[in-house]
Every structure is written in structure tokens, then in C-alpha cells.
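Below is one structure, written out as C-alpha cells; comments come after it.
Values in this document were obtained by computation on a predicted structure and should not be read as measured data.
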Amino acid sequence: MKLSKIYDPREMNSYQFVAATGLVMTLLAHLILLLIGKSINNFAALYLCWAVFFTLGTIANFNSKPDDHDHHHHH
């Protein structure tokens, strides 16, 4: 099991990449909301959604065979 598939963007699949990007965007939006003093109900639910999305992507990534990803660059 390659743990680099969790934290290395080059090893991530598209689901993980989208989830990681979404998480960063959500975090930035949250910071902006804090700065301007606004709060949105259930905003934290977004984090949960991204986390679930990322987890599913990670599972799919670990289950995929290297041969499936010819468009990814090989090391």
C-alpha cells in the first residue's frame, strides 16, 4: 500500500485532487467569512463532504491497477 497516494498530488487520482482542491477552497472561504464576520449554517458540513469524497477517491486509488493509468507519468 503506497501512502504517497494520499499526500502526493502526482499519485492522487482525479477524485482525490478535486476533493483536496475543494477542501482548500472551503478553508479559504471559511477564513474570509471569519474575517468579514459572517457565518453560514452547516458550513462545516462541506468539510465532511470533501473528506468523504477524498476517502472514496483514496479507496478507488488503492484499488486501481497501475496499468489503468497510462496517462499518468510513471516513475
Heavy-atom count around Tyr47 OH within 6.0 Å, excluding the residue itself: above 12? yes
Option among Leu31, Thr21, Leu46 that satisfies the side-chain contact (heavy atoms from CB on, under 4.5 Å) test with Thr26: Leu46
Heavy-atom closest pair (Tyr15 atom, Gly57 atom, distance to 0.1 Å) is CB-CA, 3.7 Å
Same cluster (ILVMFWY, side-chain, under 4.5 Å), Met12 and Val24: no
Minimal heavy-atom distance between Lys5 and Glu11, with the atoms involved, is CA-CB, 3.7 Å
Distance check, rounded to the nearest 0.5 Å: Leu27 atom CG versus Ile32 atom CD1? 10.5 Å
Distance, nearest 0.5 Å, that separates CG of Asn13 from CD1 of Ile59: 11.0 Å
Between CG on residue Asn61 and CG on residue Leu56, distance to nearest 0.5 Å: 12.5 Å
Here's a test for you: under side-chain contact (heavy atoms from CB on, under 4.5 Å), which of Phe53, Phe54, Tyr7 qualifies with Gln16? Phe54
Would Trp50 end up clustered with Ile40 when hydrophobic side chains under 4.5 Å apart are linked, directly or stepwise? yes
A side-chain contact here means heavy atoms from C-beta on lying under 4.5 Å apart; do Ile6 and Phe62 qualify? yes
